Amino acid sequence: MFNPEIESMDRSALADLQLERLKATVKRCEEMVPFYRAKLREAGVSWKDMNSIADVARLPFTSKEDLRENYPFGLFTVPTRDIVRIHASSGTTGTPTVVGYTDRDIEVWSELVARALVSAMADSSDIVQVAYGYGLFTGGLGLHYGVEKLGATAIPISGGNTKRQIRMMVDLGTTVLCCTPSYALFMAEAAEEMEVDFKQLKLKSGVFGAEPWSDRMRDRIEHILNLSAFDIYGLSEVMGPGVSIECEHKEGLHIFEDAFLPEIIDPSTMEPLPVGEQGELVFTTINKEGMPLIRYRTRDVTSLIDEICPCGRTHVRMRRVRGRSDDMLIIRGVNVFPSQIETVLMQIEGISPHYQIIVERMAGLDMLEVQVEVSEEMFSDRIRGLEEWQEVIQAEIESYLGIGVLVNLMEPRSIARSEGKAVRVIDNREI
Ligand code: DLL
């Protein structure tokens with residue numbers, strides 16, 4: 001059975017456990033993976049030098065590029081005969097990256113996801129609709145095995161076929177919905193068309209992640225879907241969903257520190273940053289067999305909160321991911337995260353939660369356009385005042401970001417919907 005008590009473990013006992021696991025991980029990498037052996041030697045460090053958790057900072061980093069260069073199995077610590085499952089990253093460009101899991105890894109992962117579900121208020125009596133994609137993406141199968149480990153009932157519906165999703169929710173009495181936040185909103189539209197009222201459904205929790213979303217978006221989703229929405233984070237390289245999740249207090253996502261050692265670094269100097277400062281999230285996996293990773297650079301931008309949470313969990317929290325450092329737009333020298341624009345938009349009444357950001361370069365100057373849909377009611381009410389309203393929204397975004405933008409209010413349902421990760425940014429500058 002899984003062990004949620006580990007999350008309220010005394011910090012010094014946790015540090016001992018982490019050190020033991022860190023040592024074993026580095027030893028494993030050193031002995032079994034030529035890539036790591038060479039890297040560790042070059043850095044002049046060995047598993048034998050790990051005397052405290054802080055020594056993790058002496059280890060070399062691993063990047064997405066390293067995974068690509070060792071494609072497909074170069075970072076595995078076991079022969080493929082001992083690998084029971086493969087997943088691949090969702091990257092759409094370049095060489096894909098694959099990850100391999102041993103039997104034990106699947107066991108650990110399932111336990112972590114079961115613990116994540118508990119954090120999202122689920123228990124064995126729940127009916128969980130897993131609407132993340134099943135397949136190479138870790139979302140579907142990752143959640144699925146966690147649901148079974150918890151002893152709850154899984155509906156393995158995967159993404160897509162939105163009307164059937166609603167049908168299942170109604171007929172089977174789904175209590176927990178797992179999907180991307182953008183897909184949850186898409187489902188809400190389908191429900192409206194089918195004249196299904198979420199207030200009549202049994203949904204109590206939503207386990208939403210795999211893409212950045214804001215607190216304001218959460219408010220919208222909770223209101224529309226009539227459930228409590230929890231942010232779940234993970235990445236395939238490190239494991240998949242279930243690296244961290246919010247508890248009922250929703251003030252940061254508890255990282256499952258018995259399995260992942262987090263650090264925040266300054267991406268320009270690669271130096272660790274003090275707790276609380278925002279930078280790039282780095283993970284060392286300390287309870288993985290098939291493909292452990294040392295100091296993996298996630299490119300996700302966030303900060304850590306190292307205070308005991310009122311829920312009693314002692315594990316460190318990460319703030320919601322702001323965005324990826326490679327998604328950060330630099331517009332005329334100003335750093336802009338799509339989530340900042342989302343925060344402004346979601347505060348404005350009459351705006352739908354569907355938006356897209358388009359970046360163009362015109363005569364050498366970067367132009368940022370925000371396309372956002374107006375809600376159905378507002379569209380018919382304000383058709384004449386739209387231009388004025390556009391300017392008001394534009395001014396709000398401009399004052400928040402400190403740069404000029406162009407806002408275009410769009411007709412309801414004119415922006416493409418997604419059944420998985422939403423495409424928020426279209427950057428036409430390179431073309
Ligand atoms: O998205 C795993 C996952 C599945 C997480 C289902 C949560 C739920 P990848 O496809 O490898 O794995 O993408 C990982 O997605 O580095 C982040 O940039 C982003 N991401 C994942 N969860 C969140 C989140 C899965 N809660 C990449 N908030 C990560 C913001 C997220 N970004």
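Everything quoted here is computed from the prediction, not taken from an experiment. As the structure lists them, so they are numbered: ligands from 1, and atoms in each ligand from 1. We use all heavy atoms of the structure for the numbers below, so side chains are in, but hydrogens, waters and symmetry mates are not.
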Check your understanding: Which atoms of ligand 1 are found less than 4.0 Å from any heavy atom of Gly209?
Key -> 7 (C), 8 (C), 26 (N)

Check your understanding: So is there a nitrogen or oxygen of Asp300 less than 3.5 Å from a nitrogen or oxygen in ligand 1?
Key -> yes

Review point. Has ligand 1 got any nitrogen or oxygen that is less than 3.5 angstrom from a nitrogen or oxygen of Ser89?
Key: no

Exercise for review: Examine the proximity of ligand 1 to Phe137 and report which part, side chain or backbone, both or neither, has a heavy atom under 4.0 Å away.
Suggested key: side chain

Practice item. Report yes or no: does Arg320 have a heavy atom closer than 4.0 Å to ligand 1? Key: no

Exercise for review: Would you please indicate yes or no on a ring centroid separation below 6.0 angstrom for Trp109 and Tyr145?
Suggested key: no

Review point. Is it true that Arg322 and Glu280 make a salt bridge, defined as a side-chain N closer than 4.0 Å to a carboxylate O?
Key: no

**Study point:** Electrostatic pair Glu193-Lys163, nearest N-O below 4.0 angstrom
**Key:** yes

Point to revise | Within-cut-off N or O pair, Val321 and ligand 1, under 3.5 Å | key: no

Exercise for review: Assign the ring pair Tyr183 / Phe186 to parallel, tilted or perpendicular, where the plane angle (0 to 90°) is split at 30° and 60°.
Suggested key: perpendicular

Review point. Charged N to carboxylate O under 4.0 angstrom, Arg319 versus Asp231?
Key: no

Review point. Any N or O of Gly240 that comes nearer than 3.5 Å to an N or O of ligand 1?
Key: no

Practice item. Indicate, with yes or no, if the rings of His144 and Tyr134 have centres closer together than 6.0 Å. Key: yes

Exercise for review: Please could you name the atoms of ligand 1 that Tyr132 approaches to less than 4.0 Å, counting only its heavy atoms?
Suggested key: 6 (C), 8 (C)

Exercise for review: Going by heavy-atom distance to atom 27 (C) of ligand 1, choose the closest among Met239, Glu237, Lys421, Glu211.
Suggested key: Lys421

